[in-house]
Protein chains: 2
Amino acid sequence: MAKRALIQSLSNVDIRLLRIFMTVTECGGFAASELELDIGRSTISKHVSDLELRIGLKLCNRGPSGFALTAEGEKVLEAAHKLMSSIDGFQSEIDDIHSKLTGTLRIGLFDQSSTNPDARIHDAIRHFDMVAPDVALDIALAPPSTLEARVTDGTMDVAVVPIHRQSSLLSYTPLYLEHMTLYCGEGHALFDAPEELSIADLKLGTQKYAGYAFNSPNMKAGRQLGIKRAAQVQEEEALSLLIQSGRYLGFLADHVAETFLRKGTVRPIAPNHTGYSTTFAAITRKKPEPDRKTLEFMSCLRAAHDEVINRLDVS
Amino acid sequence: MAKRALIQSLSNVDIRLLRIFMTVTECGGFAASELELDIGRSTISKHVSDLELRIGLKLCNRGPSGFALTAEGEKVLEAAHKLMSSIDGFQSEIDDIHSKLTGTLRIGLFDQSSTNPDARIHDAIRHFDMVAPDVALDIALAPPSTLEARVTDGTMDVAVVPIHRQSSLLSYTPLYLEHMTLYCGEGHALFDAPEELSIADLKLGTQKYAGYAFNSPNMKAGRQLGIKRAAQVQEEEALSLLIQSGRYLGFLADHVAETFLRKGTVRPIAPNHTGYSTTFAAITRKKPEPDRKTLEFMSCLRAAHDEVINRLDVS
DNA sequence: TCTAAAGTTTCCTTTTTCTGCAACTATAGA
DNA sequence: TCTATAGTTGCAGAAAAAGGAAACTTTAGA
């Protein structure tokens, strides 16, 4: 049996040989292990010989006289068992990585959007927390343009924003609709105007209008009504403030306005003519592909809004 | 990236793929690792993709925009490092098994014993040389009493001697039996005696007897036959010389006598009544414990005589 | 916009590995 | 001595893996 150096640690093949050797010892002979290994005796013989050559030790005595490990064989067997344990350990580490999502998921939302009854983001979060309890959440509110920028540059994993013009770098998943209506606040010139007045009668062009600073359907809707923006905001909350000041017109989401309507502090302006809807979508970046926890959260988002999407037929 | 189950632990190939992956991360990119790995970029790309497929995780983002491990990639890399350590550990265990044995093994034998067909000392030596090729052998022939003394005082590592009274300082490992029969040489008074003569008729008490100078079953056997020692020797070879002189009776091992019998120069005396068996055993000293190469050689001796021991049921 | 760099993909060749068959040797047991 | 068993060896075909060339895609940066 020539002695050949174990040049560089046992690579590839050797592990298979070790497995074969271990099976053979368990079966107590080559013939006995044929079935177990499902390979012929001659092949087993060659493999064991190869292993002996590789390791440089005679591992077992075999022949018509029986099968028996040599002293070295025993030691090698023991070492092999340890090695296999390590390999199994590696396996389960991989399995862990598979099943366990960790790290921090950075979510971005546009303000007020979470109070929309069609927004089921909280449901998605609840579900996600059950699926991936070890992932920490980092939720930030910011204007859509900021959210888009942060998702694009990877400093945020996912965000829910109103869709306007889509970026080719981002992937959009429509979730729900938000309906906006034009409002004015208590004390505004139009607050007590008769309901029968037509849009033309309202002379909207003479009114101050508060809108979003960022590109959105909001701007378009305002322009269509012939009003010009005299104040711009980043948050819807700021917008409702301006409206309630009684000096500005502005669009509010229905669910946001609801509270104020109940208190009687705002009044919708020609709700059947001035309203418009915005689609809110989850955005992720196309490349590099979002990581697993993000994909998982996306799947939770989709599941949570599945019914909403079907009902509203969001484009 | 299709997800394929890691059916049964990572076999064979995967370790190579892991090594490639590790090198790539060290080099910080595919292109950078081309030289290090000495394989082309396309091949590296394929290997890394294969690994990802195998493990079922995206390990790194790469492209013109740069190379970066994913969160999972980091973890896999760490696990891979641990695995490699285990493999190295296995390596060094293997190395230990054969490289720790060096120096000189001093073996003592009683003369003629090696020609006993049941003595597999040569087999043990052959095996030992495979296991510990770097151990030099120093083999000496000497009378049992000398061998015992030298093993006891540590100037000899192991010896094979006929067992008589066991020393509490030595550890005995029975190896094989040697059967002895009483012989006389050509020209002796009993050489031509009729075979039918009983032991009593032979009047052995009147014959000169040559025996070993050291304590052994030989003495006891002689006494039982009522013959008294008129010559003493240290070596069996000397004994056969005296027997062949035609003046002395003496015990010879069957395998030693065989040659002379074939030449017709000796004749067994009442072989069915005068014979006795001696157990040959390997001796080592109990304290201090024999060193590793000696233990290894003992194990070789045991292995080589395993079959003999089982067959003869040596006490 | 253009270019160079980094990877990917496809397709092919070259190696290596795996395997069984058949003939062989060696041993235990009848 | 003969036979059945256990394993070995040489041979050759099959299968798989490794590897590279070339064309392609994508992206950073000039």
Side-chain angles (χ1 to χ4, degrees), chain A residues 1-2 7 10-21 23-25 27-54 58-70 73 152-154 168-169 285-289, chain B residues 1-2 10-21 23-25 27-54 58-70 73 117-118 120 123 304 306-308 310-312:
Chain A
M1 185 175 65
I7 313 168
L10 65 170
S11 58
N12 315 334
V13 202
D14 305 301
I15 290 193
R16 178 158 194 271
L17 297 186
L18 280 174
R19 284 225 172 79
I20 290 175
F21 172 59
T23 303
V24 168
T25 52
C27 296
F30 291 10
S33 58
E34 271 181 312
L35 280 179
E36 183 72 22
L37 290 169
D38 194 31
I39 44 180
R41 217 173 304 180
S42 68
T43 309
I44 298 173
S45 171
K46 197 155 101 57
H47 284 326
V48 173
S49 301
D50 283 352
L51 181 61
E52 289 183 327
L53 194 70
R54 196 90 180 80
K58 173 145 202 188
L59 299 175
C60 55
N61 292 306
R62 60 266 191 192
S65 47
F67 176 89
L69 286 178
T70 61
T152 302
D153 69 19
S168 64
L169 299 175
R285 68 170 162 179
K286 285 182 178 166
K287 308 187 74 167
E289 194 184 332
Chain B
M1 186 174 65
L10 64 168
S11 56
N12 318 333
V13 206
D14 306 302
I15 290 196
R16 179 156 196 275
L17 297 186
L18 280 174
R19 284 223 172 80
I20 288 175
F21 172 58
T23 303
V24 168
T25 53
C27 295
F30 291 9
S33 58
E34 271 183 311
L35 281 178
E36 183 72 22
L37 290 169
D38 194 30
I39 46 180
R41 217 173 305 178
S42 67
T43 310
I44 297 174
S45 171
K46 196 154 85 69
H47 285 326
V48 172
S49 301
D50 284 351
L51 181 62
E52 290 183 328
L53 193 70
R54 196 91 180 80
K58 174 142 203 191
L59 299 175
C60 53
N61 292 306
R62 62 265 190 193
S65 47
F67 176 92
L69 286 178
T70 61
D118 281 338
R120 302 289 166 80
D123 284 332
D306 194 48
E307 169 251 329
V308 177
N310 289 337
R311 172 157 51 84
L312 302 179

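Only this structure's heavy atoms are used, side chains among them; waters, hydrogens and symmetry mates stay out. Everything numeric here is computed off the predicted structure, so don't read it as measured data. Every chain is numbered from 1 and lettered A, B, ... according to where its sequence line falls, protein lines coming before strand lines.
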What nucleotide among [options] has an atom nearest to a side-chain atom of [X]?
| X | options | result |
| --- | --- | --- |
| B:A31 | D:dA28, C:dT27, C:dA6 | C:dA6 |
| A:K46 | D:dG7, C:dT27, C:dT19 | C:dT19 |
| A:F30 | D:dT9, D:dG7, C:dA28 | D:dG7 |
| B:R16 | C:dG7, D:dG19, C:dA22 | D:dG19 |

Run the side chain to side chain contact (heavy atoms under 4.5 Å, CB included) check on A:L69 and A:F21 step by step: do they pass? CA-CA 10 Å; A:L69 286 178; A:F21 172 59; 3.6 Å; yes
If I take atom [atom1] in residue [X] and atom [atom2] in nucleotide [N], what distance separates them, rounded to the nearest angstrom?
| X | N | atom1 | atom2 | answer |
| --- | --- | --- | --- | --- |
| A:E289 | D:dT25 | CD | C1' | 17 Å |
| A:L17 | C:dT16 | CG | P | 16 Å |
| A:R54 | C:dT17 | CZ | C1' | 14 Å |
| A:I20 | C:dC18 | CD1 | C1' | 10 Å |
| A:F67 | C:dT27 | CZ | P | 17 Å |
| A:E34 | D:dA6 | CD | C1' | 10 Å |
| B:D14 | D:dA17 | CG | C1' | 13 Å |
| A:L37 | D:dA6 | CG | P | 16 Å |

Is A:S42 touching bases, backbone alone, or none of the nucleic acid, heavy atoms closer than 4.0 Å? base
Students often get this wrong, so: under 4.0 angstrom with heavy atoms, is B:R41 touching a base, only sugar-phosphate, or nothing?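 Contact class for B:R41: base.
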Closer than 4.0 Å, any side-chain N/O of [X] to the OP1 or OP2 of [N]?
| X | N | answer |
| --- | --- | --- |
| B:R62 | D:dT27 | no |
| A:T43 | C:dG20 | yes |
| A:H47 | C:dT19 | yes |

Side chain to side chain contact (heavy atoms under 4.5 Å, CB included) between A:I39 and A:H47, worked out: CA-CA 11 Å; A:I39 44 180; A:H47 284 326; 4.2 Å; yes
Can you name the nearest heavy-atom pair linking B:E52 to B:C60, along with the distance? OE2-N, 3.5 Å
Do the side chain of B:S45 and the base of C:dA6 come within less than 3.5 angstrom through a donor-acceptor pair of N or O atoms?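 Per atom types, no contact qualifies.
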Closest to the 5' end of DNA chain C, once A:G66 and A:D50 are matched to their nearest nucleotides, is A:D50
Residue closer to the 5' end of DNA chain C, A:I39 versus A:P64 (nearest nucleotide):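 Result of the comparison: A:I39.
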Check against side chain to side chain contact (heavy atoms under 4.5 Å, CB included), B:T25 and B:L59: CA-CA 10 Å; B:T25 53; B:L59 299 175; over 6 Å; no
Using the side chain to side chain contact (heavy atoms under 4.5 Å, CB included) rule, take B:L37 and B:V24 through it: C-alpha gap first, then chi angles, then the decisive distance, then the call. CA-CA 8 Å; B:L37 290 169; B:V24 168; 4.1 Å; yes
